[in-house]
Protein chains: 2
Amino acid sequence: MATIKDVAKKAGVSISVVSKTYNNYVDVSEETRQRIFAVAKELNYSPNIVAKNLSSKKQMTFGLISSGVLNDNEKDNNAFDIFKGVYREISESRFELSIYLIDSQKQKQQSYVQYCRERNIGGAILQGIRTDDQYYTELINTDIPCVVLDIMNETANGMIGSVSIDNAEASKEMALHLLKRNHRRLVIMTGTKETYVNKERMKGLEEALHVYGMKLSDVDVLDADFSEEMAYSLTKEYLETKQPTAFLCFSDLMAFGVMRAVKEAGFKIPEDVSVTGFDDLVFSGFTQPPLTTVKQDFVEIGKVAAQLLQDIKEKKLERQHIWVKHRLMERESVKTLPRN
Amino acid sequence: MATIKDVAKKAGVSISVVSKTYNNYVDVSEETRQRIFAVAKELNYSPNIVAKNLSSKKQMTFGLISSGVLNDNEKDNNAFDIFKGVYREISESRFELSIYLIDSQKQKQQSYVQYCRERNIGGAILQGIRTDDQYYTELINTDIPCVVLDIMNETANGMIGSVSIDNAEASKEMALHLLKRNHRRLVIMTGTKETYVNKERMKGLEEALHVYGMKLSDVDVLDADFSEEMAYSLTKEYLETKQPTAFLCFSDLMAFGVMRAVKEAGFKIPEDVSVTGFDDLVFSGFTQPPLTTVKQDFVEIGKVAAQLLQDIKEKKLERQHIWVKHRLMERESVKTLPRN
DNA sequence: CTGTTAGCGCGTTCAT
DNA sequence: ATGAACGCGCTAACAG
């Protein structure tokens with residue numbers, strides 16, 4: 001492959017002139033500029049990014065540190081959609097994208113900071129990372145700009161941004177959706193308690209209940225840790241003694257488990273029991289019946305995260321947290337009950 | 001971040017000794033070796049991959065050039081699974097992985113060769129690339145080792161490997177599966193004619209027909225270009241005049257389209273019409289009825305491709321093409337007909 | 001406008 | 001067993 005040296009020699013100039021024309025310096029005569037590009041084309045030259053990266057102390061690559069892409073449930077394509085959004089955005093910028101996928105099964109993972117340092121990564125997007133992850137803490141305490149997803153950063157570090165939908169609001173809307181349709185005997189299938197999203201969704205739920213003069217203690221809360229299987233067995237057990245009118249689930253995956261258990265218990269959805277989800281996975285439009293849920297636009301979330309990271313990197317940061325809009329997808333898993 | 005220089009200074013040695021200990025040279029005394037690692041740990045040092053890449057003329061990164069990840073049908077996660085397999089394998093090796101996703105919508109894409117050169121990429125895995133892609137031809141004619149998926153390389157270039165299931169055999173098995181169950185009025189829903197996989201599947205089909213004393217002209221062939229929608233409309237139209245006993249589809253996506261059209265035409269699957277697919281998408285286990293299809297293990301394909309690429313790179317290549325085994329997934333979309 | 005020089009962080013001879 | 005010196009391909013002052 002042709003190097004900058006080859007181009008310089010053939011064009012009869014020094015390498016610095018070549019470098020300058022490629023980096024849009026103004027002090028290169030239009031004539032030599034043209035000549036250099038002509039020679040470059042002839043030699044099939046294009047600058048080596050690796051060398052460029054090392055030489056200019058500028059950092060030109062961003063990292064996407066993501067858990068959940070590798071070992072997620074096969075029906076769960078969220079992490080993948082985020083990846084798509086990030087990739088699209090970054091590929092249209094002048095940055096490179098490096099991917100670091102965490103396999104939560106495997107213990108031996110590398111420090112995120114080390115990962116970034118080794119690759120001269122100038123900023124990272126974190127997805128599916130738990131706040132109690134030691135490497136997470138290590139990373140956000142460095143000067144490496146970060147954008148975190150589904151975590152509200154409590155850190156004072158100005159280089160941290162975050163992106164998510166308004167989980168509390170979305171959850172409130174969904175609860176209201178059920179309440180408005182006269183559902184009162186509700187079961188809430190929640191996810192991992194400690195997570196930011198779960199806390200937010202609980203908050204929204206409480207607000208909705210409050211509107212109807214109810215409290216959290218007026219509904220049953222089952223903790224299924226965002227797991228389809230756990231939701232399935234909890235529901236199965238629950239239905240042996242009680243019969244609620246609706247299950248409000250904090251994820252579609254859990255809703256799938258609930259639906260399965262409800263059907264196996266001999267109930268019809270939504271005639272006997274209503275079910276709602278959260279996320280809007282591809283699957284959710286094809287369940288029987290199609291699932292009413294909150295749509296999160298993960299591709300958009302990824303895209304926005306990548307934009308925010310660039311903004312932070314270029315110091316033109318305006319806000320710390322960006323809300324991506326969600327949407328209530330009304331399908332056929334919810335029945336309107338007669339007013340009692 | 002600490003550099004090799006810092007470590008050298010603190011350990012009281014020259015940088016070359018540090019470099020050597022990190023690169024497993026034998027001529028470093030065990031004592032200084034230990035000391036260097038101790039200092040490195042203290043300084044939180046780890047070698048800069050970018051610099052390493054530039055300095056050693058060895059190429060340490062592989063590229064995954066993939067079409068279909070970005071703009072594929074949302075139900076189609078094949079490209080993603082391949083990505084997973086490749087990532088897993090590469091991340092356990094000493095190589096880095098660079099991703100290059102092709103958006104077939106956008107015209108302005110960069111030459112694959114240029115992509116590789118700029119990043120000092122030492123080998124590439126190509127997926128979802130068409131053989132009539134000009135950049136494809138350009139790339140495989142260089143000395144850059146490549147592994148192509150679902151393409152049988154016709155090139156003489158020894159640096160090219162390929163991985164796929166045995167499409168002909170799989171197709172034959174599926175056709176036999178139908179024939180054995182006394183289906184004779186068959187409709188074959190084929191994909192893009194020019195593709196390698198389609199040709200192979202046709203070949204297998206013909207072999208199966210031959211076993212039963214039939215020829216290709218004894219069945220109806222509909223070309224749906226691997227598109228769900230096209231399969232849908234072709235089926236719809238077809239069913240207005242004819243009534244076959246089974247549709248053999250060259251992809252699950254097309255099978256979905258067929259199933260929809262069949263149902264809309266008032267037929268039951270599999271009671272009135274049987275349908276089979278190819279790929280085994282996540283969705284296929286959840287259609288009504290669950291789809292009988294050929295499972296391709298895409299994660300495995302990705303993994304094998306990455307292994308093969310490493311082998312080629314390290315010159316210990318044994319074979320050019322590796323077959324990954326497929327599996328016939330017998331579910332509920334095929335009925336056994338009474339013998340006629 | 002153009003060229004010279006000095007690195008970036010590291011690997012690799014070649015002496016010692 | 002260790003170190004000095006050179007270079008990978010490029011950017012970035014600084015001179016001219």
Side-chain angles (χ1 to χ4, degrees), chain A residues 1-37 39-40 43-61 94-96 114-122, chain B residues 1-37 39-40 43-61 94-96 114-122:
Chain A
M1 195 59 176
T3 74
I4 196 173
K5 214 183 280 180
D6 302 321
V7 178
K9 185 189 287 180
K10 187 144 191 175
V13 292
S14 74
I15 62 168
S16 56
V17 179
V18 178
S19 174
K20 280 174 183 169
T21 83
Y22 266 90
N23 291 284
N24 300 315
Y25 277 61
V26 287
D27 55 351
V28 177
S29 78
E30 190 54 30
E31 191 199 321
T32 61
R33 178 182 208 74
Q34 296 298 342
R35 183 156 37 94
I36 286 172
F37 279 137
V39 171
L43 261 42
N44 220 331
Y45 167 79
S46 61
N48 181 319
I49 292 184
V50 179
K52 194 168 174 161
N53 220 317
L54 183 62
S55 172
S56 77
K57 285 306 299 166
K58 289 168 195 158
Q59 297 171 308
M60 326 213 22
T61 120
R94 55 189 190 81
F95 292 95
E96 291 280 303
Q114 188 179 341
Y115 160 75
C116 290
R117 302 293 193 202
E118 285 180 352
R119 289 159 188 76
N120 196 22
I121 284 174
Chain B
M1 195 61 178
T3 73
I4 196 172
K5 215 183 279 182
D6 303 321
V7 177
K9 187 189 286 180
K10 188 145 190 175
V13 293
S14 72
I15 62 164
S16 52
V17 179
V18 178
S19 173
K20 280 173 185 170
T21 83
Y22 267 89
N23 291 284
N24 299 316
Y25 277 59
V26 287
D27 55 351
V28 178
S29 77
E30 190 54 29
E31 191 200 323
T32 60
R33 178 183 208 73
Q34 296 298 342
R35 184 155 37 94
I36 286 173
F37 279 137
V39 171
L43 259 43
N44 220 334
Y45 167 79
S46 61
N48 182 317
I49 292 184
V50 180
K52 195 166 173 162
N53 218 316
L54 183 62
S55 172
S56 79
K57 285 307 297 165
K58 290 168 194 160
Q59 296 170 308
M60 327 210 23
T61 119
R94 55 188 191 82
F95 292 94
E96 290 281 301
Q114 188 178 340
Y115 160 75
C116 290
R117 301 293 193 202
E118 285 180 351
R119 289 159 188 79
N120 196 21
I121 283 174

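For clarity, every value in this text was computed on a predicted model and none was experimentally measured.
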Problem set entry | Length of the CE-P vector between Met60(B) and dG11(C), whole Å | 9 Å
Seminar exercise, completed: Whole-Å distance, Arg35(B) CZ to dA1(D) P, equals 14 Å
Problem set entry | Whole angstrom value for the distance that separates P of dA6(C) from CD1 of Ile15(A) | 13 Å
Exercise. Looking across every strand, which nucleic acid part, if any, lies under 4.0 Å from Val13(B) by heavy atom: base, sugar-phosphate, or nothing?
Worked result: sugar-phosphate
Exercise. Quick one: which of dG9(D), dT11(D), dC10(C) gets closest to the side chain of Thr3(B)?
Worked result: dC10(C)
Exercise. Quick one, which residues of residues 18-26 of chain A touch DNA chain D with a heavy atom under 4.0 Å?
Worked result: Ser19(A), Lys20(A), Asn23(A), Tyr25(A)
Problem set entry | Lys57(B), nearest nucleotide to its side chain (from dT2(D), dC8(D), dT2(C)) | dC8(D)
Exercise. Distance check: side-chain N/O of Lys5(A) vs OP1/OP2 of dG7(D), anything under 4.0 Å?
Worked result: no
For this session: Please tell me which of the listed nucleotides, dC10(D), dG3(D), dG9(D), lies nearest to the side chain of Lys52(A)?
Result: dC10(D)
Exercise. What is the distance from CG of Asp6(B) to P of dC8(C), rounded to the nearest Å?
Worked result: 11 Å
Problem set entry | Ser55(A) side chain vs Lys52(A) backbone, donor-acceptor pair below 3.5 Å | no
For this session: Consider the side chain of Asn48(B), meaning its heavy atoms from C-beta on, and name the nucleotide among dA4(D), dA12(D), dC10(C) that approaches it most closely.
Result: dC10(C)
Exercise. On DNA chain D, nearest-nucleotide positions of Arg33(B) versus Ala51(B): which is more 5'?
Worked result: Arg33(B)
Exercise. Rounded to whole angstroms, how far apart are CD on Gln59(B) and P on dG9(D)?
Worked result: 11 Å
Exercise. Quick one: the side chain of Ser16(B) and the base of dG11(C), do they pair up donor-acceptor inside 3.5 Å?
Worked result: no
Exercise. Out of dG11(C), dT2(C), dA1(D), which has the shortest distance to the side chain of Ser29(B)?
Worked result: dA1(D)
Exercise. Ile4(B) has an atom CD1; how far is it from atom C1' of dT2(D), in whole Å?
Worked result: 14 Å
